[in-house]
Participant: 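The structure is given below, and queries will be raised subsequently.
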Amino acid sequence: MNVPALMATYQLRQREYLLRITRAMTSRLDLPSLLELILSSAAEMVAAPAGMIVLHEPMPSASFEVDGDGMAVESEPQARIRTTYGIPAELLPAFAPLLRPSSRPLPPDSDGASSVQTPGEQYRRDLERRVQDVEENLGRELGQVLGLPLFFEDELLGVIYLFRGGSAFTQLDWEFLEGFALQAAIAVRNARLYAQLSTERSRLAAIIEKSADGVLILRPDRRVEVINQTMEKMLGRVAADVIGQPCSQVLDLQNVTGDDLCGNSPVDIPTHGLRCEGELVRASGGNLAVSVTYTPLFDESERLVNVIANVSDITRFREEEEMKSTFVSIISHELKTPVALIKGYAQTLARPDATWDPETARQSLQIIEEEADRLESLINNLLDVSRIQAGDLRLDISDVDMNRLLERIAQDYRTQTTEHQIEVDLPDDLPLVSGDEERLRQVFTNLLGNAIKYSPDGGLIRIGAWVDRKAGNEDKRPRLVVYVADAGIGIPEDELPKIFDRFYRVDSSLRRGTAGVGLGLFLINAIVEAHKGEIWVRSELNKGTTFSVALPIEDENGPA
Ligand code: ADP
């Protein structure tokens, strides 16, 4: 065969090979195995005994590093050797110059000719310099080196390096490899997109799985396709139990307001979102107040693909709502009663057609004064609540003599009750407490007031104190513990954790007959906390209740 005929046969064989390789490459989506295929095929085609592929890592949309001056600068894309052929692993560090970021091969020229065929001067010189550096590192020459850039549009994805010792790459090799590089770049780009998609998919799955809201993904026939952890917990069911079930059997809501896509008489799936609220019936028992948002998802031909149900626990929101309405009803009742009394007595006293004996007038005026006091104390309590909520409860700190303070409070109450015996049992050497005297007065006045109020049959009320030097509290400081114990109606055990809540009152016939708005213990607790103290309660129904308040005191070895 003559030379042109030989050339033609060679070219035909190469073209067939290229076609086969291209098919194999485009069907591979796993990047590492695709790169192996690209490198081994390229090396085989031009009979190169060694080679490597360096890939530039794809850049996140905005990627910054901090330079030496602390300024944010756009970071260079990282280059990494992703696969090698015929190069022992221990020699790889010597190839580091090929990873240098500064120089990049020029993109293909605008006339369509590639930099492989007519490599730009800059690229060639740069490659030469890098190869020299590698040779220096290795301590020997590399011979013929071919750097084949992988371009997708204008983006440089990486470079295929082929090393062929003594024999030079021919023009035919260059031409052939140019076509190969184009196909390889497309395949690399596809594999990367595929990898990005899978990452994105697992990221979304993780977001859904870890969401603090319950999430159900429904198929167009409203059966459950995906359920996240929070939703499993809300329902008290496991995923395996729920997937494939109609959503009406999973998201079972009672007392629904709004549009429920999973209800018994379901609404049509709309093109926009839907919302409803209700009580979720849980498999594990009990109901949970939830709000559900349904969002339909359509594909590009506007076919329904999924409906996402987002389920939020609105228990706290409901509690707040309830609290507000309790607040309004309690406050209006508590305000109305004294105002009505004051007005009634004042009107009676002011009647021009009547004259009152001094005793009746004095009693009426005393009631007016007491009711005005009640109003004042309620208003002060409300002001304190808003201060606490604003984090603005200030203390006017001084050394407080608890002995004197508690004796005085006890004495004040003794004049108001004959049915109760108020005993104060305090050691003489009680240490001073550093605190706000008025606020501490408020604490113990309230506790003693409650002890009287909730012991309707009278009985003994004891106020005592002791120094806790072992300090059961966390910071191990000594503290003064003051207790107020009554022999009254007591508090049911299950109510104990709630009595310090705002507006909370234990429901009992006595409560309904006694004045109060359920703010006293809430305020006491806040005042004690502001003093870095602690309050606790022990109670037995129909036997009595003991409130204890611990306040930090000066350590004999130094200040508290
Ligand atoms: P109020 O007395 O205005 O209702 P508090 O916040 O002082 O509000 O108390 C909350 C609830 O705790 C009271 O309604 C009462 O049911 C209960 N309670 C408080 N102190 C006692 C006590 N010494 N004995 C029995 N129950 C008490």
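Only this structure's heavy atoms are used, side chains among them; waters, hydrogens and symmetry mates stay out. When a residue number appears, it is its place in the shown sequence, counting from 1.
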Participant: Taking C-beta and beyond as the side chain, do R538 and T545 meet within less than 4.5 Å on heavy atoms?
Facilitator: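 No, too far: nothing below the 4.5 Å cut-off.
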Participant: List the atom of G435, the atom of V400, and the distance in Å for their closest heavy-atom pair.
Facilitator: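 Smallest heavy-atom distance, with atoms named: O-CG2, 3.5 Å.
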Participant: State plainly whether the residues R394 and D396 are in salt-bridge range, i.e. N to O under 4.0 Å.
Facilitator: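 Here R394 does not pair with D396 in a salt bridge, since their nearest N and O are not under 4.0 Å apart.
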Participant: Mind jotting down which residue pairs meet the salt bridge (charged side-chain N to carboxylate O under 4.0 Å, His left out) criterion with at least one end in residues 269-292? Sequence neighbours excluded, please.
Facilitator: R275-E277, E277-R318, E279-R318
Participant: Please tell me if the side chains of R80 and L55 come closer than 4.5 Å, counting only heavy atoms from C-beta onward.
Facilitator: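 Heavy-atom side-chain distance check fails, nothing below 4.5 Å.
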Participant: Verify, without hydrogens or angle tests, whether R28 (side chain) and S33 (backbone) share a donor-acceptor contact under 3.5 angstrom.
Facilitator: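 The answer is yes, because a donor-acceptor pair under 3.5 Å joins these two groups.
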Participant: Please round to the nearest 0.5 Å and tell me the distance separating atom CD1 of I38 and atom CG of L150.
Facilitator: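 Answer for the CD1-CG pair, I38 versus L150, is 6.5 Å.
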Participant: Is there a side-chain contact between C262 and L218 (heavy atoms, below 4.5 Å)?
Facilitator: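 SC-SC contact between C262 and L218 confirmed.
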Participant: State whether the number of non-hydrogen atoms from other residues, nucleotides or ligands found under 6.0 Å of E369 atom CD is greater than 12.
Facilitator: no
Participant: Any heavy-atom pair between the side chains of Q421 and R462 that's under 4.5 Å?
Facilitator: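 Result no, sub-4.5 Å side-chain heavy-atom pair not found.
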Participant: Pair N310, L216 - check side chain to side chain contact (heavy atoms under 4.5 Å, CB included), show working.
Facilitator: CA-CA 7 Å; N310 218 283; L216 284 178; over 6 Å; no
Participant: Does L523 reach the side chain of N446, with side-chain heavy atoms less than 4.5 Å apart?
Facilitator: no
Participant: Starting from the C-alpha separation in whole Å, work towards a yes-or-no answer on salt bridge (charged side-chain N to carboxylate O under 4.0 Å, His left out) for R82 and E57.
Facilitator: CA-CA 10 Å; R82 294 295 298 260; E57 300 299 321; 3.6 Å; yes
Participant: Before you tell me yes or no, could you show the steps for M402 and L480 under side chain to side chain contact (heavy atoms under 4.5 Å, CB included), namely the whole-Å CA-CA distance, both residues' side-chain angles and the distance that decides it to 0.1 Å?
Facilitator: CA-CA 9 Å; M402 292 302 287; L480 177 70; 3.6 Å; yes
Participant: Hey, could you give me the CG/CG distance between L406 and L426, rounded to the nearest 0.5 Å?
Facilitator: 5.5 Å
Participant: Backbone N or O of H272 within a donor-acceptor pair of the T295 side chain at under 3.5 Å?
Facilitator: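 No, the answer is negative, given that no donor and acceptor are paired below the 3.5 Å cut-off.
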Participant: What's the spacing between D384 CG and I527 CD1 if we round to 0.5 Å?
Facilitator: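 D384 CG to I527 CD1: 6.5 Å, rounded to 0.5 Å.
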Participant: Return the minimal non-hydrogen interatomic distance between A410 and I463, and the atom names on each side.
Facilitator: CB-CD1, 4.2 Å
Participant: Step by step, work out the side chain to side chain contact (heavy atoms under 4.5 Å, CB included) result for V307 and R222.
Facilitator: CA-CA 8 Å; V307 178; R222 302 181 205 211; over 6 Å; no
Participant: Would you mind reporting whether T445 and Y413 have side-chain heavy atoms less than 4.5 Å apart?
Facilitator: yes
Participant: Determine yes or no for a side-chain-to-main-chain donor-acceptor pair under 3.5 angstrom, with R502 supplying the side chain and L519 the backbone.
Facilitator: no
Participant: Apply side-chain hydrogen bond (donor to acceptor under 3.5 Å, both in side chains) to the pair S301 and D299, showing each step before the final yes or no.
Facilitator: CA-CA 5 Å; S301 45; D299 65 11; 3.2 Å; yes
Participant: What distance separates I186 CD1 from R189 CZ, expressed to the nearest 0.5 Å?
Facilitator: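 Nearest 0.5 Å value for the CD1-CZ distance: 11.0 Å.
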Participant: Between the side chain of S202 and the main-chain N/O of S198, is any donor-acceptor distance below 3.5 Å?
Facilitator: yes
Participant: Looking at NZ of K343 and CD1 of I368, how far apart are the two atoms once the value is rounded to the nearest 0.5 Å?
Facilitator: 13.0 Å
Participant: Quick check: closest heavy atoms across R505 and V517, and the distance to 0.1 Å?
Facilitator: CD-C, 4.0 Å
Participant: Given I461 and I452, is the side chain to side chain contact (heavy atoms under 4.5 Å, CB included) satisfied, shown in steps?
Facilitator: CA-CA 8 Å; I461 295 170; I452 292 171; 3.6 Å; yes
Participant: For I553 and V433, work out which heavy atoms get closest and say how close.
Facilitator: CG2-CG2, 3.9 Å
Participant: Under a 3.5 Å cutoff, is there a donor and acceptor pairing between the side chains of D313 and T315?
Facilitator: yes
Participant: Verify, without hydrogens or angle tests, whether N306 (side chain) and I308 (backbone) share a donor-acceptor contact under 3.5 angstrom.
Facilitator: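 Here the side-chain-to-backbone pair does not exist.
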Participant: State, to 0.1 Å, how close L395 and A530 come at their nearest heavy-atom pair, and which atoms those are.
Facilitator: CD1-O, 3.5 Å
Participant: So, does S539 use its side chain to make a donor-acceptor pair with the main chain of I491 at under 3.5 Å?
Facilitator: yes
Participant: Okay, side chain of N228, backbone of V215: is any donor-acceptor separation there less than 3.5 Å?
Facilitator: yes
Participant: Using every non-hydrogen atom in the two residues, find where S455 and G488 come nearest and quote the distance to one decimal.
Facilitator: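 Looking at all heavy atoms of both residues, the shortest contact is OG-CA, 3.4 Å.
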Participant: Nearest 0.5 Å, what's the CZ-CG distance between R219 and L304?
Facilitator: 12.0 Å
Participant: Heavy-atom count check: over 12 atoms from other residues, nucleotides or ligands less than 6.0 Å from Y345 OH?
Facilitator: no
Participant: When you measure from the side chain of E371 to the backbone N and O of L341, does any donor-acceptor pair fall under 3.5 Å?
Facilitator: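 Not confirmed, E371 side chain does not pair with L341 backbone.
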Participant: Under a 3.5 Å distance rule, please check whether S312 uses its side chain to pair with a backbone N or O of I314 as donor and acceptor.
Facilitator: no
Participant: Would you say CZ of F317 has more than 12 non-hydrogen atoms from neighbouring residues, nucleotides or ligands within 6.0 angstrom?
Facilitator: no
Participant: Going by an N to O cut-off under 4.0 Å, is there a salt bridge joining D468 and R479?
Facilitator: yes
Participant: Any donor-acceptor pair under 3.5 Å linking the side-chain atoms of Y294 with those of D260?
Facilitator: yes
Participant: Counting distance only, does the side-chain N/O of H531 pair as donor-acceptor with the main-chain N or O of D436 below 3.5 Å?
Facilitator: yes
Participant: Heavy-atom distance under 4.5 Å between the side chains of V549 and L447, does that happen here?
Facilitator: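 Answer yes - side chains close enough.
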Participant: Please list all pairs passing the side chain to side chain donor-acceptor pair (under 3.5 Å) test where one or both residues lie in residues 488-498, with sequence neighbours left out.
Facilitator: E495-Y504
Participant: Please examine the side chains of I489 and P456, heavy atoms only from C-beta on, and report whether any two atoms are closer than 4.5 Å.
Facilitator: yes
